[in-house]
Amino acid sequence: MARPECPKESLKTKRARAARILERLEAAYPNARTELRHETPFQLLVATVLSAQATDKSVNAATPALFARYPDAFALAQATPEEVEPYIRRIGLYRTKAKNLVRLAQMLVERHGGEVPRDKQALMELPGVGWKTATVVLGAAFGIPGIAVDTHLARLAKRLCLSQARTPERIGAELEQYFPRERWVFVHHALILHGRYVCTARRPRCEACVLAEACPSRGTW
DNA sequence: ATCCCGAGGG
DNA sequence: CCCTCTGGAT
């Protein structure tokens with residue numbers, strides 16, 4: 001990672017650049033939303049927990065069979081981790097995730113009537129659910145604004161010189177200063193798509209990047 | 001800071 | 001072979 005210096009910008013200048021970035025994201029990814037397959041908030045929560053350090057493709061390959069066997073929290077709460085493992089083994093980190101999902105389902109039944117709580121603190125008390133997963137679920141399932149920062153957002157925020165902060169929470173808080181609240185959830189999904197297909201971790205395709213004009217790091221990778 | 005972990009890409 | 005993938009818990 002050869003780091004170019006980020007330009008010194010006022011908040012006003014940065015917001016103007018963010019506005020241009022948002023414009024181009026809206027043109028390039030007009031209906032960006034989660035690519036995790038799900039029918040209910042519960043299934044989205046499970047899929048998002050499974051997506052930690054895994055590709056959404058591998059998660060989507062596993063969840064149809066998983067959801068057919070365990071369609072809701074009540075069904076999953078009756079399972080043992082050993083019974084769940086075969087469904088998710090190919091995703092990786094499967095022992096931890098199987099254990100977490102069963103306990104998570106049991107807690108949903110015990111504390112929330114089997115439903116997904118619309119509250120970040122309550123979500124973060126569930127095993128396997130941290131700040132990023134809770135923010136994603138609130139946004140995608142309930143439309144509650146928030147910019148969840150995952151590996152893609154962290155990388156793009158740095159390359160775009162939108163945030164040099166280190167923790168996901170701080171990067172997210174900073175990004176939320178630059179984009180309008182009603183577009184936060186869109187920005188999250190659009191930047192993930194852009195990070196997955198264009199501004200990739202290893203060899204970013206700057207020549208094909210619609211954000212290049214607004215990116216101080218263009219061509220330096 | 002380290003562990004969990006399989007699968008696909010370069 | 002090494003790196004990365006919508007992280008979280010210890």
Side-chain angles (χ1 to χ4, degrees), chain A residues 1-2 25 29 31-38 41 43-63 65-66 81-82 84-105 107 116 120-142 144-160 162-163 165-172 175-176 184-208 221:
Chain A
M1 339 194 323
L25 287 175
Y29 311 100
N31 36 26
R33 56 182 181 83
T34 182
E35 293 192 347
L36 294 171
R37 297 180 55 179
H38 67 283
Q43 293 182 355
L44 174 65
L45 174 58
V46 170
T48 308
V49 168
L50 288 173
S51 73
Q53 294 295 286
T55 59
D56 68 329
K57 190 176 293 184
S58 69
V59 174
N60 286 335
T63 48
L66 179 69
E82 291 71 25
V84 173
E85 282 179 10
Y87 293 92
I88 66 173
R89 183 162 291 134
R90 294 143 48 96
I91 297 176
L93 308 180
Y94 63 92
R95 283 192 290 256
T96 304
K97 286 175 179 177
K99 194 183 310 176
N100 283 341
L101 287 179
V102 171
R103 277 215 301 138
L104 175 150
M107 287 176 63
V116 177
K120 189 172 286 190
Q121 295 310 318
L123 282 168
M124 289 178 63
E125 290 177 17
L126 301 170
V129 180
W131 177 85
K132 179 263 173 180
T133 297
T135 305
V136 167
V137 170
L138 289 177
F142 304 127
I144 298 173
I147 299 183
V149 176
D150 67 331
T151 180
H152 293 299
L153 272 281
R155 184 178 67 252
L156 296 222
K158 185 171 184 178
R159 288 183 181 169
L160 287 166
L162 288 177
S163 174
R166 296 180 183 171
T167 70
E169 291 90 335
R170 289 187 178 188
I171 296 171
L175 292 177
E176 289 176 354
W184 286 354
V185 173
F186 169 81
V187 167
H188 165 77
H189 291 300
L191 284 180
I192 285 180
L193 289 177
H194 196 65
R196 180 179 302 157
Y197 299 116
V198 181
C199 192
T200 51
R202 283 204 181 172
R203 189 188 172 287
R205 303 171 51 221
C206 296
E207 72 283 359
W221 292 76

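The side chain of A/R196 places no N or O atom within less than 4.0 Å of a non-bridging phosphate oxygen (OP1 or OP2) of C/dC5. Taking 4.0 angstrom as the limit, A/S51 places none of its side-chain polar atoms (N or O) nearer than this to OP1 or OP2 of C/dG7. OP1 or OP2 of C/dG7 sits under 4.0 Å from a side-chain N or O of A/Q53. Residue A/H152 has a polar side-chain atom (N or O) positioned under 4.0 Å from OP1 or OP2 of C/dC5. For A/T48, no side-chain nitrogen or oxygen approaches OP1 or OP2 of C/dT6 to under 4.0 Å.
In the set C/dT6, B/dG6, C/dG7, the nucleotide with an atom closest to the side chain of A/Y94 is B/dG6. Side-chain atoms of A/A201 lie closest to C/dC5 of the nucleotides C/dC5, C/dT6, C/dG7. In this structure, of C/dT6, C/dG7, B/dA7, it is B/dA7 that holds the atom nearest to the side chain of A/R90.
Note: A/L66 CG to A/R37 CZ = 12.0 Å, rounded to the nearest 0.5 Å. The distance from the OG1 atom of A/T200 to the NE2 atom of A/H194 is 9.5 Å, given to the nearest 0.5 Å. Here the OG1 atom belonging to A/T167 is positioned 8.0 Å from the CH2 atom belonging to A/W131, to the nearest 0.5 angstrom.
Across all strands shown, A/T96 has heavy atoms under 4.0 Å from sugar-phosphate atoms exclusively, and none from any base. When heavy atoms are screened at a 4.0 angstrom cut-off, A/A54 is found touching base atoms of the nucleic acid. Residue A/L191 is classed as having no contact, given no heavy-atom separation below 4.0 Å to the nucleic acid.
B/dC5 and C/dC2 have their C1' atoms separated by 16 Å, given to the nearest Å. Nucleotides C/dT4 and B/dC4 are separated by 15 Å at their C1' atoms, to the nearest Å. Rounded to whole Å, the P atom of B/dG10 lies 14 Å from the corresponding atom of C/dT6.
One interatomic measurement links the two molecules: NZ of A/K97 to C1' of C/dC5, which rounds to 9 Å at whole-angstrom precision.
Between the side chain of A/H189 and the backbone N or O of A/A32 there is no donor-acceptor pair closer than 3.5 Å.
In terms of position on DNA chain B, the residue among A/K57 and A/R95 whose nearest nucleotide sits closer to the 5' end is A/R95.
Judged by atom type and distance alone, A/T34 reaches the base of C/dT6 through a side-chain donor-acceptor pair under 3.5 Å.
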